[in-house]
Amino acid sequence: MQYWLFKTEPDAFSIDDLANMPNQTEHWDGIRNYQARNFMRDQIKQGDQVFIYHSSCKDVGIVGLAEVVKEGYPDHTQFNPEAKYYDLKSSPDNPRWYMVDIKFKQKFATLLPLKTIKEMADINEIGLVKKGGRLSVMPVIKTEFDLLLSCCQTTN
DNA sequence: GCCAACGTTGGC
DNA sequence: GCCAACGTTGGC
C-alpha cells in the first residue's frame, strides 16, 4: 500500500463535495502535469490512502482522507472540446492524461494547516515542504503519512 | 537540444 | 493581487 496527497481548490471541488457524491466516490480529473500524470497512470493502486488537501483558499491544509477505488484510466475530459481540460493533441487511441477514482473516508474535525506541517520537526520529505510543492498529486512516505494522520486525529 | 518567453500554481 | 517558483512552448 502506498500513500498520496491530492490537492484541490475547495471553491471548485472540496472534501464536502466528495462526501456528497453518489457512493461518496468521484473521478479525479483535470490533472494536466506530466509528473502527476505518471503517478496517476503507473503508480497509484487500488486501496492506496489519499490525503485531501485544500489549496488556494483561506484555510490551506490537509482536510480529510480518501481511498483509491479505481486505478488509472484515461481522463475523458481531455477529449471533450467543451471541457475546460480539453486537449487538442490527445486522442482516445493514445490518451495523454489519466485519472483515478477515490472514495471519501473521513473529514477531520479540524484541518491540519500547511503552517503546522512546515513546523513539524519530523516532516521533511513530503512535497509540501520541499521544492516542487506545486505538484497537485504527490507521494507521501509511510512514516510521514502515519505522523500526519495521527496529528489530524488527535487534534479532533 | 538550448533557452528565452510565456503561462500557471499557490502561498501570502 | 502580488510574485516566486516552476513547467511548457517554440524559434533557432
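Proteins come first, then strands; the chains are lettered A, B, ... in the order of their sequence lines, and each starts at number 1. Everything numeric in this text was worked out from a predicted model, so none of it was measured.
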Taking atom [atom2] of [N] as reference, at what distance in whole Å does atom [atom1] of [X] sit?
X	N	atom1	atom2	result
Asp59(A)	dG10(B)	CG	P	17 Å
Arg96(A)	dT9(C)	CZ	C1'	12 Å
Asn33(A)	dC6(C)	CG	P	13 Å
Ile62(A)	dG10(B)	CD1	P	15 Å
Asp11(A)	dG10(B)	CG	P	14 Å
Tyr34(A)	dG7(B)	OH	C1'	15 Å
Tyr85(A)	dG7(B)	OH	C1'	15 Å
Ile31(A)	dT8(B)	CD1	P	16 Å

Distance under 6.0 Å and angle within 45° of ring axis: Lys84(A) vs Tyr86(A):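 Not satisfied by the 6.0 Å and 45° rule.
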
Under 3.5 Å, is there a donor on one side chain and an acceptor on the other for Arg134(A) and Ser55(A)?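 Side chains of Arg134(A) and Ser55(A): no pair found under 3.5 Å.
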
Quick one: do the Gln153(A) and Gln106(A) side chains pair a donor with an acceptor below 3.5 Å?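 Checked: Gln153(A)/Gln106(A) side chains pair up, N/O donor to acceptor below 3.5 Å.
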
Pick one: which of Trp28(A), Tyr85(A), Phe79(A), Tyr34(A) meets ring-ring contact (aromatic ring centres under 6.0 Å, His included) with Trp97(A)?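 When Trp28(A), Tyr85(A), Phe79(A), Tyr34(A) are each tested with Trp97(A), the ring-ring contact (aromatic ring centres under 6.0 Å, His included) holds only for Tyr34(A).
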
Determine: side-chain N/O of [X] to OP1/OP2 of [N], distance under 4.0 Å, yes or no.
X	N	answer
Lys118(A)	dC12(B)	yes
Tyr53(A)	dG11(B)	yes
Lys7(A)	dG10(B)	yes

The side chain of [X] lies closest to which of these nucleotides: [options]?
X	options	result
Leu114(A)	dG7(C), dA5(C), dC12(B)	dC12(B)
Lys89(A)	dG7(C), dG10(C), dG11(B)	dG10(C)
Val60(A)	dG11(B), dT8(B), dG10(C)	dG11(B)

Mark yes when over 12 heavy atoms from residues, nucleotides or ligands other than Lys45(A) sit less than 6.0 Å from its NZ; otherwise mark no.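 Yes, enclosed.
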
